[in-house]
Amino acid sequence: MLILVTGGTGYIGSHTCVELLNNNHDVIIVDNLVNSQAGVVERIATITGKKPLFYQADATDDSVMDLIFSTHKPDGVIHFAGLKAVGESVEIPLMYYRNNLLSTMVLLDNCLKHGVSHFVFSSSATVYGDNQVPFLETMELRPRTNPYGETKAMCERILTDVAQVNPELSVTLLRYFNPVGAHKSGLIGEAPQGIPNNLMPYITQVAKGSLQELKVFGNDYPTPDGTGVRDYIHVVDLAEGHVAAVEQAAPGVHVYNLGTGKGTSVLELITAFEEANNLKIPYRITERRAGDIAECYADVSKAREELGWTAKRGVFEMCRDAWRFEQIYAAEV
Ligand code: NAD
Ligand code: UD1
C-alpha cells in the first residue's frame with residue numbers, strides 16, 4: 001500500500017515509516033518540521049535502504065493537501081502530525097485546537113474527496129483520564145482538563161461521526177500509552193527541544209550529564225512504591241502496531257490500546273535504566289506534578305485478539321535503546 005504519513009519525521013512517525021518500508025509499503029511523509037528535522041528522512045533511508053518521498057508542508061493547508069492527494073492517490077493515511085506538549089497547550093490553547101483539529105479535518109476531507117478509505121489516528125491514553133486501571137477501549141472518555149487531551153478526544157469524536165455516515169471509510173483510533181526507546185540503530189529516536197517534560201528523555205539527559213538530577217514527582221501515590229505507574233511501550237513495538245492496523249483496516253471505527261499491559265513505577269524505571277546501561281541516575285523525591293494520575297496502564301487484549309499484535313520488547317530494551325540514541329544523537333549536535 002501507499003501510505004501518507006503526516007508527522008513522519010517526528011518521533012513515532014519516523015519509526016512507523018521504517019516499519020512500513022520494511023514491510024514493503026510505500027511511504028509519503030508530510031511534515032512542517034515544527035518539531036523535527038528534515039535529516040530524519042535520510043536516516044530512515046539509511047536504516048531501510050528505501051527513501052520515502054518527503055513534503056515539507058502543513059497538514060492544515062487544504063490546497064497543498066489536495067494537491068498531494070491528487071498527485072499520489074494514497075491508499076491510506078496515518079495522521080501523527082500534532083502538537084503534544086501538555087503544559088504548552090494550557091498556555092496557548094488556540095494553537096493546539098487549531099493545529100490538531102484542523103489538520104484532522106483537512107485530511108479527512110481529502111480522504112473523502114479522493115476516495116482514500118483508510119485513516120489511522122494517533123490518539124492517547126490521556127483520553128481515559130482518571131478511570132480505573134487497566135484502561136479498556138469501551139470506557140467512557142474523561143480527557144484530563146488540558147487542551148491537548150481535549151483535542152485527542154475531539155478528533156476521535158469527529159472521526160467517529162464522519163465514519164458513521166461514510167460506511168466505506170475505515171477509521172482506526174490508536175490510543176498510545178507511554179512510548180519510549182529508539183530504533184536499535186541509534187539513528188532515530190526522541191529528541192525533545194529544551195528541558196524534557198517526560199520521564200525517559202529526562203533520565204537520558206541526566207545520564208549524559210546535561211541535567212544534574214531527576215526529580216521524582218511524588219512518592220505518596222497509592223502504588224506499590226508510592227511513585228507514579230505507567231505503561232511504557234517500546235516505540236518500535238508501537239510502530240509495528242501501526243503496520244498491523246493499516247494492513248487489517250476494515251470499514252467502520254476501530255479503537256485499540258497500544259501498550260504492554262504492564263505498569264512500571266518511576267523508581268522501577270530508574271533501576272531498570274541503571275541496570276541496562278550500567279550507570280547511576282541521581283534523583284530526589286519532590287512534590288507531585290499537577291495533573292498527574294497515580295496509575296495508567298492498558299488492557300491490551302483487544303489489539304492482541306483483533307490485530308494479532310502484542311508488544312514484544314521489555315523495559316530493559318527500552319532503556320538500552322533510549323540511551324544508545326541519546327549518546328549517538330548527542331555526539332552529533
Ligand atoms: P513529534 O512531535 O515527535 O511528532 C509530530 C510531528 O508532527 C513533528 O515532526 C512535527 O513537526 C509535525 N507536525 C506538527 N504539526 C504539524 C502540521 N500541522 N503539519 C505537518 N506536520 C506537523 O511527536 P510524537 O511523539 O511522534 O507524536 C506523534 C503523535 O502521537 C502526536 O499526534 C501525539 O499527540 C501522539 N501521541 C504521542 C505520545 C507520546 O508520548 N509521544 C503519546 C500519545 C499520543
Ligand atoms: C504525559 C502527559 C500526557 C501524555 C503522556 C505521553 C503530562 C501531565 N501528561 O503523561 O498527557 O499523554 O505524557 O507520553 O504532561 N515523572 C517524574 N519526573 C520527571 C518526569 C516524569 O517523576 O521529570 C513521572 C511522572 O510523575 C509520571 C511518570 O514519571 O508518574 C511518567 O511521566 P511522563 O513521562 O511525563 O508521562 P505521563 O505522566 O504519563
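Model, not experiment: these values are computed from the prediction. In listed order, ligands and their atoms are each counted from 1.
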Undergrad: Looking only at distances, can you tell me whether any N or O atom of Phe80, backbone or side chain, sits closer than 3.5 Å to an N or O atom of ligand 1?
TA: yes
Undergrad: Less than 3.5 Å between some nitrogen or oxygen of Ile12 and one of ligand 1, yes or no?
TA: yes
Undergrad: Report yes or no: is the cationic atom of Arg288 (NZ for Lys, CZ for Arg) closer than 6.0 Å to the six-membered ring centre of Tyr221, at no more than 45° off its axis?
TA: yes
Undergrad: Anything under 30° is parallel, anything over 60° is perpendicular, the rest tilted; go ahead and classify Tyr256 against His254.
TA: parallel
Undergrad: Could you pull out all residues at least two apart from Asp109 that satisfy salt bridge (Lys or Arg N to Asp or Glu O under 4.0 Å)?
TA: none
Undergrad: Should Val30 be counted as touching ligand 1, given the test is an N or O pair under 3.5 Å?
TA: no
Undergrad: Please write down residue, atom name and distance for the protein heavy atom closest to atom 25 (O) of ligand 1.
TA: Lys84 NZ, 2.8 Å
Undergrad: Looking at ligand 1, does any of its N/O atoms fall within less than 3.5 Å of an N/O of Pro179?
TA: no
Undergrad: Cut-off 3.5 Å, no hydrogens considered: what does the side-chain donor-acceptor table look like for residues 88-95, sequence neighbours left out?
TA:
unit_1: Glu88; atom_1: OE1; unit_2: Tyr96; atom_2: OH; d: 2.5
unit_1: Ser89; atom_1: OG; unit_2: Val86; atom_2: O; d: 2.7
unit_1: Ser89; atom_1: OG; unit_2: Tyr148; atom_2: N; d: 3.1

Undergrad: Can you spot which of Asp225, Thr271, Thr223 makes a side-chain hydrogen bond (donor to acceptor under 3.5 Å, both in side chains) with Ser265?
TA: Asp225
Undergrad: Which protein heavy atom lies closest to atom 33 (C) of ligand 1, and at what distance to 0.1 Å?
TA: Tyr148 OH, 3.7 Å
Undergrad: Give me the one residue out of Glu140, Arg142, Glu137, Arg175 that meets side-chain hydrogen bond (donor to acceptor under 3.5 Å, both in side chains) with Tyr128.
TA: Arg175
Undergrad: Which residue and atom name correspond to the protein heavy atom nearest atom 5 (C) of ligand 1, and how close is it?
TA: Gly82 O, 3.9 Å
Undergrad: Taking distance alone, with no angle check, do His79 and ligand 1 share an N/O pair under 3.5 Å?
TA: no
Undergrad: With under 30° as parallel and over 60° as perpendicular, where do the rings of Phe273 and Trp323 fit, or are they tilted in between?
TA: perpendicular
Undergrad: Using a 4.0 Å heavy-atom cut-off, which part of Glu190 comes near ligand 1: side chain, backbone, both, or neither?
TA: neither
Undergrad: Between Thr60 and ligand 1, does any nitrogen or oxygen pair lie at a separation below 3.5 Å?
TA: no
Undergrad: Starting from the N and O atoms of ligand 2, find every protein N or O within less than 3.5 Å and list the pair with its distance.
TA:
unit_1: ligand 2; atom_1: 12 (O); unit_2: Ser124; atom_2: OG; d: 3.2
unit_1: ligand 2; atom_1: 13 (O); unit_2: Asn198; atom_2: ND2; d: 3.1
unit_1: ligand 2; atom_1: 18 (N); unit_2: Lys215; atom_2: O; d: 2.7
unit_1: ligand 2; atom_1: 22 (O); unit_2: Lys215; atom_2: O; d: 3.4
unit_1: ligand 2; atom_1: 22 (O); unit_2: Phe217; atom_2: N; d: 2.9
unit_1: ligand 2; atom_1: 26 (O); unit_2: Asp292; atom_2: OD2; d: 2.6
unit_1: ligand 2; atom_1: 34 (O); unit_2: Asn198; atom_2: ND2; d: 3.4
unit_1: ligand 2; atom_1: 34 (O); unit_2: Leu199; atom_2: N; d: 2.8
unit_1: ligand 2; atom_1: 35 (O); unit_2: Asn198; atom_2: ND2; d: 2.9
unit_1: ligand 2; atom_1: 35 (O); unit_2: Arg289; atom_2: NH1; d: 3.3
unit_1: ligand 2; atom_1: 35 (O); unit_2: Arg289; atom_2: NH2; d: 2.8
unit_1: ligand 2; atom_1: 36 (O); unit_2: Asn178; atom_2: ND2; d: 3.1
unit_1: ligand 2; atom_1: 38 (O); unit_2: Arg230; atom_2: NE; d: 3.3
unit_1: ligand 2; atom_1: 38 (O); unit_2: Arg230; atom_2: NH2; d: 3.3
unit_1: ligand 2; atom_1: 38 (O); unit_2: Arg289; atom_2: NH2; d: 2.9
unit_1: ligand 2; atom_1: 39 (O); unit_2: Asn178; atom_2: ND2; d: 2.9
unit_1: ligand 2; atom_1: 39 (O); unit_2: Arg230; atom_2: NE; d: 2.7

Undergrad: Would you check the N or O atoms of Tyr176, main chain and side chain alike, for any that come under 3.5 Å of an N or O of ligand 1?
TA: no
Undergrad: Donor-acceptor pairs are to be reported for all side-chain atoms of residues 188-204 against protein atoms at under 3.5 Å, with residues two or more places apart or in another chain.
TA:
unit_1: Thr204; atom_1: OG1; unit_2: Pro201; atom_2: O; d: 3.0
unit_1: Thr204; atom_1: OG1; unit_2: Glu326; atom_2: OE1; d: 2.9

Undergrad: Of the side chain and backbone of Ser103, name the one, both, or neither that has a heavy atom under 4.0 Å from an atom of ligand 1.
TA: neither
Undergrad: Which of the numbered atoms in ligand 1 are below 4.0 angstrom from a heavy atom of Asp58?
TA: 17 (C), 18 (N), 19 (N)
Undergrad: Considering distance alone, does some N or O of Asn32 sit under 3.5 Å from an N or O of ligand 1?
TA: yes
Undergrad: Check this for me: does any side-chain nitrogen of one of Arg230 and Glu295 sit under 4.0 Å from a carboxylate oxygen of the other?
TA: no
